[in-house]
Amino acid sequence: MSIFAHIFNLFIHSMAQVRVRFAPSPTGPLHIGGVRTALYNYLFAKKNNGTFILRIEDTDQARFVEGAEEYIMESLKWCGIIIDEGINEGGNYGPYRQIDRKEIYRKYADMLIDKGDAYYAFDTPEQLETLRSESEKAGNTFIYNAIVREKLSNSVSLQENLWKEKLEKGEPYVIRYKMPHNEDIHFEDIIRGHIVVNTRTLDDKILFKSDGMPTYHLANIVDDHLMEISHVIRGEEWLPSLPLHFMLYRSFGWDPPLFAHLPLLLKPDGKGKLSKRDGDKMGFPVFPLFWPYGETAKGYREEGYYPEAFVNMLALLGWNPGTEQEIFSMEELIEAFTIDRVGKSGSRFDPEKAKWFNHQYLQNRTNTQLALEFREFLRARGYHVDIVDLETLVGLVKERVSFVKDIWEQADFFFQAPETYDQEVIKKRWKENSAALLLELRFLLEKINDFSAAGTETVVKAWIGEKGYNTGAIMNVFRLVIVGASRGPHIFDIISWIGKQETLKRIDKGLSIIGK
RNA sequence: GGUCCAUUCGUCUAGUGGCUAGGACGUCAGGUUUUCAUCCUGUUAACAGGGGUUCGAUUCCCCUAUGGACUACCA
């Protein structure tokens, strides 16, 4: 443990209350990277007896997407992440939707203007766009900073009577932060450690838009302060704006919370961060739940992942307990989680490992649970099977599958006689005497009263031994007519489950088709 | 381009100023299974490169390379 992490630990234990927030924008389905951010916030909150808050950051009305808010909440619920304070849960620090806090932000923007740390700017987006493309042509980057603001249209460069007149005339304006020209800003990140940035590389960020809404930067700082957020745990994409955020806290005279910037989730192959396209291309979901609006997207829930497996997999992507334990319940994750064991570098998402986690969780289900789940699947297909029979069946095939829906692929022959027979197997196993042997077996089975797996197996093996037949020669063609291929569980388990009548029927059918 | 962040097996990762650099997924090979799958056992494979510091660096420092994020009146 680094010295900084140690000090940090001492610090959090001395703090009165841990309050963390997950603050997504309702602009579409929640990406699994977002889910992981929410999860780490939640684990950290619960580990420290703190509060987990959901705040909706919907200050950009143009990008608002209908249904996204519900999607976010349903996703968290599916994952087992319980919100303590939020738009539905309420709390003493509401409202929890930024659109409903609109009136709050203006006051704080004005405070900064009065203090001289912010100013009005009247440049139109078109003007700025022109300036940007011009400097780009000249090979420079346009930054709205201390040097250029003197030449542009704002309350710093303009005479006081001029800009006041513009204000009175109702000319559109934004409020920008007045970034100092040349100052080293020092700040700490729990995961990254000490960082220094010089303000000359920063720009005068817009805090308040001409539509009367704050930007992320203002709203975020004000809300985190007002909601008494103790730790900001968010994605690494926010690291570049951390200096600005520190400056804002300083300007307001507030104590900043502690920050932890999480590494990103990367695509399984190639370069860059995980996107929806990767999932489509490689056949795995990038979203927790199916997203039915607009461009539809697959979800882990609908693909048959257990939420416990999904959460377990996600938790270990970028964090580890330092032990060799890999399977964790939510309670165990909460118990084991510490921020100082979150890695610094981005993690490639591995769909194979995700499947492995689900396999582990599926094996730990009882046959009864699985039978119930599989029955739902069968119902959708028009099969109605007794639950006790399904428990037996599921017990026969569960270890070969990772998902409930895979049970069907492993067990279709339990429900229907083969339509076709694997040509490879016929070529390899079907001999001159196969038909005769099968016919003999057929009449042997017909006479058996105890059609349990053990019952039939005993009789058939005795018969084989008695006659001195070759076991493989019989069993392989037997499997062929029952299953249609060279796969599946123990053959006597299969015939016991389908019953004597069906077994005989399948032998007859096989004989008539292959045996001619 | 600029700023910031990162870099241990193919992937997720453990780890230390001196270790045969550990585990998991995957791969491959055996074994079990009369089939297929599972399972078991084993195998495979890594400290990005170059300089320092040091008796000794994968570990500490610097440079380079590579990757990533950001660079909007989006979050």
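First the proteins, then the strands, lettered A, B, ... as listed; each starts at 1.
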Output the rounded distance in Å from [atom1] ([X]) to [atom2] ([N]).
X        : N     : atom1 : atom2 : result
A:Gln61  : B:A75 : CD    : P     : 10 Å
A:Tyr105 : B:A75 : OH    : P     : 11 Å
A:Glu326 : B:G22 : CD    : P     : 17 Å
A:Lys205 : B:C70 : NZ    : P     : 12 Å
A:Phe349 : B:G10 : CZ    : P     : 20 Å
A:Leu274 : B:A69 : CG    : C1'   : 15 Å
A:Asn312 : B:A24 : CG    : C1'   : 12 Å
A:Leu262 : B:A75 : CG    : P     : 21 Å

Can you identify which nucleotide, out of [options], has its nearest atom closest to the [X] side chain?
X        : options             : result
A:Lys353 : B:G10, B:C5, B:A24  : B:A24
A:Glu237 : B:A24, B:U3, B:A75  : B:A75
A:Leu128 : B:C73, B:U3, B:C70  : B:C73
A:Leu264 : B:C73, B:A69, B:U7  : B:A69
A:Asp60  : B:C25, B:C73, B:A75 : B:A75
A:Arg192 : B:C73, B:C5, B:G68  : B:C5
A:Ser25  : B:C5, B:U3, B:A75   : B:A75
A:Pro240 : B:A75, B:A69, B:C25 : B:A69

>> If you assign each of A:Glu352 and A:Ile195 to its closest nucleotide in RNA chain B, which residue comes earlier from the 5' end?
In response: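 Its nearest nucleotide lies further toward 5', so the answer is A:Ile195.
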> If you find the nucleotide of RNA chain B closest to A:Leu202 and the one closest to A:Glu399, which residue's nucleotide is nearer the 5' end?
Replying inline: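 This one resolves to A:Leu202.
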> Per the ring-ring contact (aromatic ring centres under 6.0 Å, His included) rule, which among A:Tyr305, A:Tyr300, A:Phe287 passes with A:Phe310?
Replying inline: A:Tyr300
Look at the side-chain N and O atoms of [X] and state whether any lies under 4.0 Å from the OP1 or OP2 oxygen of [N].
X        : N     : value
A:Thr59  : B:A75 : yes
A:Ser347 : B:U13 : yes
A:Lys267 : B:G68 : no
A:Lys209 : B:A75 : yes
A:Asn320 : B:U13 : no
A:His245 : B:A75 : no
A:Arg348 : B:U11 : yes

> Within 45 degrees of the axis of the six-membered ring of A:Tyr120 and under 6.0 Å from its centre: does A:Arg176 put its NZ or CZ there?
Replying inline: no
>> Given the ring of A:Trp356, does A:Lys353 sit roughly above its face, with NZ or CZ under 6.0 Å from the centre of the six-membered ring and within 45° of the axis?
In response: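 Cation-pi check for A:Lys353 and A:Trp356: passes.
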Could you please name the partner base of [N], counting Watson-Crick and G-U wobble pairs only when both distances are under 3.5 Å?
N     : result
B:A6  : B:U66
B:G1  : B:U71
B:U32 : none
B:A21 : none
B:A37 : none

Please classify the nucleic acid contact of [X] as base, sugar-phosphate, or nothing, using heavy-atom distances under 4.0 Å.
X        : answer
A:His490 : base
A:Ser210 : base
A:Gly235 : nothing
A:Arg341 : sugar-phosphate
A:Pro24  : nothing
A:Asp123 : base

Taking atom [atom1] in both [N] and [M], what distance in whole Å separates the two?
N     : M     : atom1 : answer
B:U44 : B:G22 : C1'   : 15 Å
B:C12 : B:C55 : C1'   : 37 Å
B:A45 : B:C4  : P     : 40 Å
B:C60 : B:U20 : C1'   : 25 Å
B:G31 : B:C47 : P     : 33 Å
B:A72 : B:U53 : C1'   : 46 Å
B:U41 : B:G18 : P     : 32 Å
B:G26 : B:G51 : C1'   : 37 Å

>> For A:Arg21, is there an ion pair with A:Asp223 - N to carboxylate O distance below 4.0 angstrom?
In response: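 So A:Asp223 does not pair with A:Arg21 through a salt bridge.
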> A:Ile407 and side chain to side chain contact (heavy atoms under 4.5 Å, CB included): which partner among A:Leu362, A:Asp412, A:Val397?
Replying inline: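 The single option meeting the side chain to side chain contact (heavy atoms under 4.5 Å, CB included) with A:Ile407 is A:Val397.
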> Got a donor-acceptor pair under 3.5 Å from the side chain of A:Thr141 to the base of B:G1?
Replying inline: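 Per atom types, the contact qualifies.
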>> Would the base of B:C74 count as contacting A:Arg63 through its side chain, where contact means a donor and an acceptor less than 3.5 Å apart?
In response: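 Pair found.
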Would you please classify the geometry between the [Y] ring and the [X] ring as parallel, tilted or perpendicular, with 30° and 60° separating the classes?
X        : Y        : value
A:Phe349 : A:Phe284 : tilted
A:Tyr293 : A:Trp291 : perpendicular
A:Phe328 : A:Trp319 : perpendicular

> Would you say the side chain of A:Glu352 lies within less than 4.5 Å of the side chain of A:Lys355, judging by non-hydrogen atoms?
Replying inline: yes
